[in-house]
Each structure stands twice: as structure tokens, then as C-alpha cells.
**Q** 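Input: one structure, supplied below.
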Amino acid sequence: MALKILDNIRWLTPANKENQGEHPEIVVSSRIRLARNIDTIPFEMKMKNKDARHLLELTQSAIKQRLQGKFYEIKKLTPLEKESLLECHLISPGFIKKDSPTGVFINDKRNISVMINEEDHLRIQGLSGGLNLINLSEKVFDVEEVFGDELGYAFNENYGFLTSCPTNLGTGLRASVILHLPGLVFTNEVDKVLKGALQIGIAVRGIYGEGSEIKGSLFQISNQYTLGLKEEDLIEQIRKLIHMIIDIELKARDVILKKAHYEFEDKVFRSLGVLKSARIISSDEVLNLLSALRFGIGMGIIKDISLDLVNELLIVSRPANIQLYYGMVLEEHERDIRRAEYIRNRLNNPGAN
Amino acid sequence: MLCDDCKKHPATIFFKEVLPDRTVELHLCEQCAAKRGLISTKKMSPLEVMHKLLKEKDARDAEIICPVCYLSLAEFKRSGRFGCSHCINAFDPHIKELIKKIHHSDKHIGRKSASGRKRSIEIYWLRKELKKALEQEAYEEAARIRDRLKDYGVEDIG
């Protein structure tokens, strides 16, 4: 079964602009995830393979009755397809490493995915481009209610939704947002701003989850506490912080442009030049060049390239995606050649797809 | 700019101190600043808080056992994971402080779980019963189960 990458990133490059969140020039994407477990089934720690299979059957039955989308059993996917789902942010890094029976449901609009038998029985997540947490949470709770109704959640009056790990108890809600902060990186203010976030219980990490590196001036910001606050207050706390960071970032960008307008314009156009002309390019180099390009679009320096296209390039140029895009397994060197070709084609014919 | 101390990592923290006779400026990376005691080491994440607290063991931990999944408190402290939805009640008095320190709260005030109709679970067991009835050629029983499945709106009855 072929997974169409461009379909899998429709949440980030929507045809319908109503689904786009605010400030897409700074906020790359938003995600809300809920951790849920089924009352009558042992948690991951005590789960046997037969329990895991049982849960897969139950969820599939619930999906069939009530939801529109596709269900994939992870072990039936090729290694490339698994990596690709990860690169498209539809599944988590820990999920592909699991040996037990696992599955993922992805809705027709490709903006909701449900991992089954992750660390918790269900990890229900909604994805969107831009800052879009409130809208997203409504969609995620619609799906959450279906599974709750069909299967019955583990819940306790004091501790809320019961999770495998105590750090997710309560709401089981993690709201995370990926920010592009080249202004703050350049003016060296980024550490100060992000340390402030840490003090109020908000975590900052690289874009592929815990322990991943920070590349291309991209930062992931998410709430750490899940118990003791209402869902809407958790979301509001993050939203407020993001708006504050956006303001500081915009100010930093103004300073940069005033101080070194030509230097930055030069950097943006050189980056575009490399992307449009390179014959061999690594995915890390792409991340940094796209960072300059995104900055250029945000500042109005570049007008004929859309942020949607930058988002597409960002994800499709990842190692597994580029192979799936070309429909073949490629060695690293060959991958770098094909990646350069794909990016050239897309930037020189932005309308075509 | 690289850290003045280790000359390896980028300097991210800048100190300026004005002394009577001179001004001292230091450009340090986070680790070196922490080593000099100039900043408190990073605030611990909930996960780090949990793992630190789980190291506090008690001789009786092995005797406190969840009656449903048989996970002991000792095992919970080793893995930091619950075994089922009943563990939290079985361990409650012993882990209340832990939860409070992780989240700075010990009371959920968010959404509640609607008492689900659990239709999918019901359907799952009805399908199993139907299969068994058919194997045993208990056709009247099978017809009854089919009707119940139809009541649930299930169409593809095997």
C-alpha cells in the first residue's frame, strides 16, 4: 500500500485556507495530543500481545462505525513508510520502535491521527499549520468522545484520565507549537526568552520530539504539566506565551532589517539561489536554507513563493519522504541528488504539483 | 562566540560585573556558567522530577500490590509506569506526594469522561458469541445474536 506523502502533509499545506492558523510566517505548526487508556485493558506495562491485538480490533470496530479515514497496521508498513509517517508528524519516534501490535488511524482530512498501543492505548492528535490550538482542540475532542463512548476510558475523579506515565495524568493533554525564530537566534535573545518559558512550566525542544536537536531556527514549545488546570486554560497559557514570543520575534526582525538590510536580503536570495540551482543537497542544509527563505517570505523580501511551498519542501525533503516521493529506495548520495532535483523542480515551477 | 571557559560550546550567557577598579565581562555556555555557580542548573522537567523521586524506596514497596494487574509499588518505582487503571487506587497514599511534586497539583479539574456506552466492546463480544454459536450449530442462538448486532447498526454480520 503506497502512502501518498503529499496527502499526509495536507494538514500543513491545506487547499482550504480556512484551515490555516494565525501567523504562519512564524508559527510553522500546532499540535494537540490527548493520552487515553481503555478502562478494561491492561496498560502498556502489563499488556500482552493478545491484549494489544484485542485493542486493535476494538478500535477498528469503533472507527468503522463512527469515523472517516484509514487504519494502518504498523507492522504491515515498509520501514520507509513508517519513517515517512514520522517525518510527516503523524506518528511518534517511540511508536515505530515498538515490537507489539500497533496501528494508526488517519482521518480523511489528514489532520487527525490516532496511534493505537503507543505508550498509552490511544494517542489522539490533531495537526494544523500556523497557530490554531483552539480550533484544533475542538476537532480532537470530537474524536476523543467517539472512542470514549465506544470503548470507555480509564478515569478517576481525583487524577482525571489515567495514563501509563504519571507525568501525563489529568487532562492527558499536550499542546505543542513549532516556531521559527531566526530573529531571536540572530539577536541572541532566544535563550533568554525560552528560559523564561521553562520557568512557567513550558518545555522547549527540537522539532522531532524529546532529545532532538534544534535545527533551522525551529523550536518546539509545549506544556509540561497536565494535571490541575482545565484544558482550555492549558491551551490559553501556551497561546499567550506564543503571542508574546511572536511580538519579540517581530521586533528582533525589525532591528535586523534596520541594521543589516542588505546583508539579510543577500542571505535570503543566496539561499534561494542555492535551493534553485544545487545538484546535491543534504536534508540539514535544506533546513537551514529554508529557514532563510521562510524569513524572506515573512519579511516581504520574497513575494512569489508561498509559505505552503516552503512547508512542503521542509517535509518532503526529509530522508524517507524523498525516497517515497520518487517511489524507490535510495542510498544517501543518490538521495541528496534526487532531493536537489525535487527542490529545483518545485521552486522553478511552483504552480505544478 | 565561543565560551570563555571551555572554548568549545557557543557562549549563550553573558555576565557583566562592575567592580570598583574594573568591569568584568564573561561569555559562557550554559554548562560552564552552571559550573561556576553563576546560574542555577536547569529547572527539572516533570519527567526528571519523577525519576528523581522514584529513587526513594521503602522496604515494604514489594508488598503493596495492585489487586487487578499485580504490579507492585516496587515495580512501579523501577519503571515509572502504571500497569492498569486500578494501580493508582492501590498505590494512592504512597504516590500522592509524587504526583503533587510532578504537576504542582493533585486534583484534576478538567473534562470528565462521559460514561461510555461501550458499544464497540459489546459488539466485539457479540461477534465472538456468534462465531461460537455457529460452530456449535446453535442456529436459534445465532439468530438472536444477529438481531442484537443489527440493533447496534452492524451491517456486515458474518
Side-chain angles (χ1 to χ4, degrees), chain A residues 36-47 54 57-59 61-62 64-66 119 141 144-145 147-167 169-171 173 188 190-191 195 198-199 201 203 210 224-234, chain B residues 1 10-14 30 39 42-43 45-50 54 66 68-71 75-76 79-89 92 95-96 98-100 102-124 127 152-156:
Chain A
R36 292 289 185 267
N37 287 280
I38 308 310
D39 200 20
T40 50
I41 297 177
F43 292 2
E44 187 196 24
M45 170 95 206
K46 283 283 183 182
M47 200 174 209
H54 180 195
E57 282 178 45
L58 287 178
T59 43
S61 148
K64 224 181 196 171
Q65 313 276 328
R66 308 270 298 267
E119 179 186 298
F141 280 118
E144 187 257 6
E145 279 170 16
F147 285 108
D149 185 29
E150 293 287 332
L151 308 171
Y153 291 135
F155 182 83
N156 171 306
E157 279 296 319
N158 267 323
Y159 299 125
F161 290 94
L162 302 179
T163 50
S164 209
C165 179
T167 57
L169 284 170
T171 58
L173 182 146
N188 260 322
V190 77
D191 274 347
K195 277 205 187 88
L198 213 60
Q199 293 304 318
E210 231 150 314
Q224 301 206 72
Y225 307 128
T226 55
L227 180 72
L229 274 174
K230 284 186 181 166
E231 287 82 355
E232 54 266 36
D233 295 335
L234 280 172
Chain B
M1 183 187 293
T12 54
I13 296 160
F14 302 89
E30 195 171 312
I39 54 163
K42 198 180 120 208
K43 197 178 168 185
S45 73
L47 203 65
E48 288 163 336
V49 171
M50 178 180 88
L54 287 178
C66 169
V68 177
C69 74
Y70 305 116
L71 185 80
E75 282 175 286
F76 168 74
S79 65
R81 296 287 186 274
F82 295 116
C84 74
S85 58
H86 301 270
C87 292
I88 205 158
N89 286 330
D92 194 4
I95 58 171
K96 208 174 181 58
L98 170 79
I99 292 171
K100 211 170 174 172
I102 293 173
H103 292 283
H104 302 285
S105 166
D106 59 359
K107 181 72 188 147
H108 176 64
I109 56 165
R111 291 166 69 102
K112 292 190 187 303
S113 178
S115 51
R117 291 175 288 169
K118 304 192 184 183
R119 291 183 340 147
S120 288
I121 292 190
E122 194 72 7
I123 292 168
Y124 175 85
R127 278 187 194 276
Y152 278 113
V154 179
E155 276 158 19
D156 57 330

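The shown structure was predicted, so the numbers you read here are calculated from the model rather than taken from an experiment. Note: hydrogens, waters and symmetry copies are ignored here, and every other heavy atom, side chains too, is used. By convention in this document, chain letters (A, B, ...) are assigned in the order of the sequence lines, proteins followed by strands, and residues within each chain are numbered from 1.
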**Q** At a heavy-atom separation under 4.5 Å, does F155(A) approach chain B through its side chain, its backbone, both, or neither?
**A** side chain
**Q** For the atom pair OG (S105(B)) and OH (Y159(A)), what is the distance rounded to the nearest 0.5 Å?
**A** 9.5 Å
**Q** Please round to the nearest 0.5 Å and tell me the distance separating atom CZ of F43(A) and atom SG of C165(A).
**A** 12.0 Å
**Q** At a heavy-atom separation under 4.5 Å, does D39(A) approach chain B through its side chain, its backbone, both, or neither?
**A** both
**Q** Where does K100(B) contact chain A at under 4.5 Å (heavy atoms): side chain, backbone, both or neither?
**A** neither
**Q** Could you tell me which portion of I123(B) (side chain, backbone, both or neither) has an atom closer than 4.5 angstrom to a non-hydrogen atom of chain A?
**A** side chain
**Q** As an exercise: rank E75(B), E122(B), H86(B), K96(B) by heavy-atom pairs under 4.5 Å with chain A and give me the winner.
**A** K96(B)
**Q** Check each atom of L229(A) against the heavy atoms of chain B and say whether the ones under 4.5 Å are side chain, backbone, both or neither.
**A** backbone
**Q** Which bit of E157(A) comes within less than 4.5 Å of chain B, counting heavy atoms only: side chain, backbone, both or neither?
**A** both
**Q** Could I get the full list of ring-ring contact (aromatic ring centres under 6.0 Å, His included) partners for Y124(B), not counting sequence neighbours?
**A** H54(A)
**Q** Minimum heavy-atom separation for S164(A) and N37(A), please, with both atom names.
**A** N-ND2, 3.8 Å
**Q** Which label fits F76(B) and F82(B): parallel for a plane angle under 30°, tilted from 30 to 60°, or perpendicular past 60°?
**A** parallel
**Q** Quick one: list whatever passes ring-ring contact (aromatic ring centres under 6.0 Å, His included) with H103(B), sequence neighbours left out.
**A** none
**Q** Pick whichever of R81(B), R111(B), H104(B) has the most heavy-atom pairs under 4.5 Å with chain A.
**A** R111(B)
**Q** So which part of R36(A) gets closer than 4.5 Å to some heavy atom of chain B, the side chain, the backbone, both or neither?
**A** neither
**Q** Can you say whether T163(A) sits under 4.5 Å from chain B via the side chain, the backbone, both, or neither, judging by heavy atoms?
**A** backbone
